[in-house]
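Accompanying notes for the structure given below.
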2 protein chains.
Amino acid sequence: MAVGPASKERPTAMADSGTTGTARDAPKRDAGRDRPPTIRDVAELAGVATSTVSRALARPDRVNPRTRIRIEEAAAELNYVPSSQARGLSSGRTNAVAVLVPDITNPFYFDIIRGTQHQLKAAGVTQLLVDTEESSEMELDALHKMRKSADGFILAASRLTDAQLAEVSRTQPLVTFNRASTSAPTVMIDTPSAIIQALEHLASLGHHKVCYVAGPPTSWSNQMRWKVFEDDATRRGMEVHRIGPYTPKTTSGAAAADAAVRTGATACIVFNDLLAIGMLQRLQARGIRVPADISIIGSDDIFGADFCNPPLTTISSPIEQAGRVAVSMLLAQLNPLSGSASRQLAVMPTHLTIRDSTGPAPH
Amino acid sequence: MAVGPASKERPTAMADSGTTGTARDAPKRDAGRDRPPTIRDVAELAGVATSTVSRALARPDRVNPRTRIRIEEAAAELNYVPSSQARGLSSGRTNAVAVLVPDITNPFYFDIIRGTQHQLKAAGVTQLLVDTEESSEMELDALHKMRKSADGFILAASRLTDAQLAEVSRTQPLVTFNRASTSAPTVMIDTPSAIIQALEHLASLGHHKVCYVAGPPTSWSNQMRWKVFEDDATRRGMEVHRIGPYTPKTTSGAAAADAAVRTGATACIVFNDLLAIGMLQRLQARGIRVPADISIIGSDDIFGADFCNPPLTTISSPIEQAGRVAVSMLLAQLNPLSGSASRQLAVMPTHLTIRDSTGPAPH
DNA sequence: CAACTTTTGGCAACCGCTTGCCACATGCTT
DNA sequence: AAGCATGTGGCAAGCGGTTGCCAAAAGTTG
């Protein structure tokens with residue numbers, strides 16, 4: 001019970017009434033400095049009604065400056081913090097936003113989370129973090145269960161279908177990240193451009209046989225990457241291979257590396273850095289040199305991409321900023337300002353960070 | 001406003017004409033399948049009072065099995081999800097736990113968060129993640145502001161003083177991680193033993209001049225590590241150096257590396273892996289070979305320690321599990337079972353993971 | 001069959017805060 | 001001085017649940 005109030009027990013015998021002070025007549029619930037002060041305590045201390053306190057705190061110009069001062073002092077003295085629960089109940093807003101990620105384990109999402117956390121904190125909104133474990137069911141479930149406890153949602157790399165997404169966004173404010181959607185605002189990273197940059201880079205190094213190492217089939221960005229990869233590589237007259245899908249974890253890297261080598265490709269563009277780093281490890285273990293024998297390009301530029309061995313050439317994007325942008329878009333949606341409609345799409349720029357895992361094609 | 005209810009639209013008077021008995025006539029609020037169903041909707045559908053619904057859901061054996069079934073069916077049909085807000089307001093519990101970490105940026109805490117997240121989810125509790133930015137003020141502030149919105153707290157590597165910690169833990173259930181405390185349950189990793197293992201390892205490699213690379217002075221584990229390091233290294237008759245403090249980020253690694261080299265030590269034990277990896281990068285840039293010229297031992301075995309260059313010898317501990325244990329201890333504190341008092345201290349075992357950043361002393 | 005114990009369900013009072021509406025002051029106009 | 005717009009503050013009805021208490025219903029017992 002540690003937390004719950006001790007039910008009924010109006011303080012008959014008050015512990016340290018001593019000091020008295022302002023609220024003279026019968027300070028019933030106050031007195032014993034035990035349970036956190038409520039708006040009523042503040043009201044009593046300031047000698048006003050609770051409604052006035054509420055207003056003084058929410059819309060300061062709705063009350064007389066003098067009263068407001070008194071109330072503010074009272075609140076400060078009592079160290080009053082309004083209960084977000086109660087506030088939410090009556091106002092209908094929770095002042096919380098849920099961030100759904102497919103896998104907290106993945107460093108990529110940590111960047112996102114960092115971004116959302118920052119921006120949300122700045123806005124005074126609580127972040128509810130949820131790991132959906134790459135499952136659309138869990139995602140839907142969370143969306144449903146939390147509809148009353150969050151004002152809005154940020155879906156990172158959502159696994160929902162277009163229909164599901166549309167359905168959900170009809171009833172709950174949300175913004176998707178790295179998952180195109182016509183029904184909800186979206187922030188995504190400029191995948192096509194990134195893949196083209198990467199292929200350009202490989203082409204200039206003389207590679208002709210390239211391989212795409214695929215991630216989760218339900219991932220929209222995976223599909224996008226492959227599509228652009230195939231188009232552009234074909235256009236360049238390259239020999240195109242594709243392997244996968246693989247779970248985007250370093251541990252899947254071994255299988256991916258072996259498969260990649262078997263295709264005979266001299267360069268791989270990999271779904272993400274986790275997988276790419278895993279491949280690097282495996283290749284090194286097998287004595288296959290990177291980039292002398294095979295070039296590897298990752299994606300996301302996660303923590304570690306700069307100090308792995310060899311440092312990974314990868315597609316970088318301001319992920320943390322993407323998180324911040326997502327929050328801004330969501331908040332804009334929640335508090336429609338007088339101005340125009342809020343932005344429906346934000347595309348984060350990408351660039352290829354060239355490190356040491358890419359080099360001239362062998363021969 | 002996407003979220004807030006549409007305010008006023010109470011069907012004029014008639015609110016509580018009550019006389020009618022079972023509310024078959026005029027299903028006022030229901031009808032339009034718009035806003036999420038409340039307990040009242042369920043009650044109406046099942047033909048009982050809201051209190052009965054509440055009980056049926058909370059303590060199933062308090063109501064007649066048949067009624068319960070009816071209620072459950074109604075709830076299912078309406079797709080009812082109780083509002084955690086309202087529930088919290090009246091019951092005094094929020095069903096949420098706040099996890100405070102000094103820096104979400106730090107991969108070390110990712111592991112913790114992952115652990116807490118898992119365990120909390122399993123218990124059906126919401127996780128509130130807070131970044132305190134290494135500041136004790138922010139920590140206190142969060143603790144205060146959230147006292148009404150969380151049932152308990154998990155403080156990772158708290159920066160609070162003993163007194164503050166004691167004070168806070170008087171009023172709020174909490175468990176600390178990696179921060180010893182007599183006032184609150186604690187889970188920590190077995191630092192002393194780890195440092196000793198590390199020194200043993202270095203000694204066996206012939207090192208005599210060792211250096212401790214310090215982290216944040218307010219970090220309890222930093223203090224512990226240094227203390228044990230100094231004691232044990234001295235006992236072994238080694239020449240002991242100490243540099244720092246450094247911010248525990250890879251970017252501080254450069255300065256740390258340079259300073260370490262200047263001490264003439266042949267081996268360093270570093271506050272954490274982040275710093276150690278940063279040092280590795282700098283040393284490599286300066287052409288100082290690891291481990292040929294200098295050995296480096298990190299701590300925490302974070303993501304990346306295994307694939308940096310060279311792979312880092314480091315102190316490993318089941319961090320994620322530590323997060324889970326912390327949650328268990330907190331939950332035990334919140335719901336005191338009939339049984340004995342809950343555990344007040346959990347020490348996670350450590351072991352030295354030897355990779356390639358340590359080797360024989362030069363000469 | 002009466003007396004008594006259990007079950008079972010409803011009533012109503014909150015939990016802490018917000019907000020529509022109303023009333024009373026005040027200050028300006030005319 | 002009367003009329004009116006405006007500024008302030010209180011009242012009270014919720015928001016969606018939980019829970020103590022009570023009464024009716026059902027089950028036991030002698």
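What you see below is based on every heavy atom in this structure, not just the backbone, and it leaves out hydrogens, waters and symmetry mates. Throughout, a chain's letter reflects where its sequence line sits, starting with A, and its residues are numbered from 1.
The closest side-chain donor-acceptor pair between S149(B) and Q85(A), if any, does not fall under 3.5 angstrom. If you check the side chains of N79(B) and H144(A), you find a donor sitting under 3.5 Å from an acceptor. When only modelled atom types and interatomic distance are considered, Q344(A) and T186(A) share no side-chain donor-acceptor pair under 3.5 Å. Judged purely by distance below 3.5 Å, without hydrogens or angles, the side chains of R93(A) and N335(A) pair a donor atom with an acceptor atom.
Contact of S90(B) with dC14(C) (side chain to base): no donor-acceptor pair of N or O atoms is detected under 3.5 Å. Taking only distance into account, the side chain of R55(B) never meets the base of dG17(D) through a donor-acceptor pair shorter than 3.5 Å. Evaluation of atom-type donor-acceptor distances gives a pair under 3.5 Å for the side chain of R62(B) against the base of dG9(C).
Backbone-only contact: S83(B) has heavy atoms under 4.0 Å from sugar-phosphate atoms and none from a base.
The side chain of R59(A) approaches dT19(C) more closely than any other nucleotide in the set dT19(C), dG16(D), dC17(C). Each of dG10(D), dG16(C), dG9(C) was ranked by its minimum atom distance to the side chain of A49(A); first place goes to dG10(D). Which of dG9(C), dT8(D), dC15(D) sits closest to the side chain of L89(A) comes down to dC15(D). Here the side chain of Y80(B) is nearest to one of dT18(C), dT18(D), dG17(D), namely dG17(D). Proximity note for P82(B) (side chain, C-beta onward) versus dT19(C), dG17(D), dC17(C): the nearest is dG17(D). Residue S51(A) has its side chain nearest to dA12(D) when only dG17(D), dG10(C), dA12(D) are considered. In this structure, the nucleotide among dG10(D), dG10(C), dG17(D) sitting nearest to the side chain of V48(A) is dG10(D).
At whole-Å resolution of the value, CZ in R93(A) and C1' in dT18(C) are 13 Å apart. Atom CZ in R87(A) sits about 19 Å away from atom P in dC15(C), given to the nearest Å. Protein atom CG of N64(A) is 12 Å distant from nucleotide atom P of dG7(D), rounded to whole Å.
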Please report, to 0.1 Å, the donor-acceptor pairs under 3.5 Å made by any side chain of residues 159-168 of chain A, with sequence neighbours excluded.
| unit_1 | atom_1 | unit_2 | atom_2 | d |
| --- | --- | --- | --- | --- |
| R159(A) | NE | E134(A) | OE1 | 3.3 |
| R159(A) | NH1 | A157(A) | O | 3.1 |
| R159(A) | NH2 | E134(A) | OE1 | 2.6 |
| T161(A) | OG1 | Q164(A) | N | 3.1 |
| T161(A) | OG1 | Q164(A) | OE1 | 3.3 |
| D162(A) | OD1 | R179(A) | NH1 | 3.1 |
| D162(A) | OD1 | R179(A) | NH2 | 3.1 |
| Q164(A) | OE1 | T161(A) | N | 2.8 |

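Between K148(A) and dC15(D), a side-chain N or O to OP1/OP2 separation shorter than 4.0 Å is absent. In this structure, T38(B) does not reach the dG16(D) phosphate: none of its side-chain N or O atoms is under 4.0 Å from OP1 or OP2. The side chain of T52(B) contributes an N or O atom lying less than 4.0 Å from OP1 or OP2 of dG10(C).
Applying a 4.0 Å cut-off to non-hydrogen atoms, the residues of residues 66-76 of chain A that approach DNA chain D are T67(A), listed by residue number.
The number of heavy-atom neighbours closer than 6.0 Å to NZ of K145(A), taken from other residues, nucleotides and ligands shown, is 12 or below.
Distance alone, capped at 3.5 Å, is enough to place a donor-acceptor pair between the D151(B) side chain and the N95(B) backbone. Formation of a donor-acceptor pair under 3.5 Å by the D103(B) side chain with backbone atoms of E133(B) is not found in this model.
Annotation: the span from D141(B) atom CG to L100(B) atom CG amounts to 10.0 Å, rounded to 0.5 Å.
Rotation axes derived from the C1' atoms of the five outermost pairs at either end of the helix from dC1(C)-dG30(D) to dT30(C)-dA1(D) lie 40° apart, to the nearest 10°.
Between E72(A) and R68(A) a salt bridge is recorded (basic side-chain N to carboxylate O distance below 4.0 Å).
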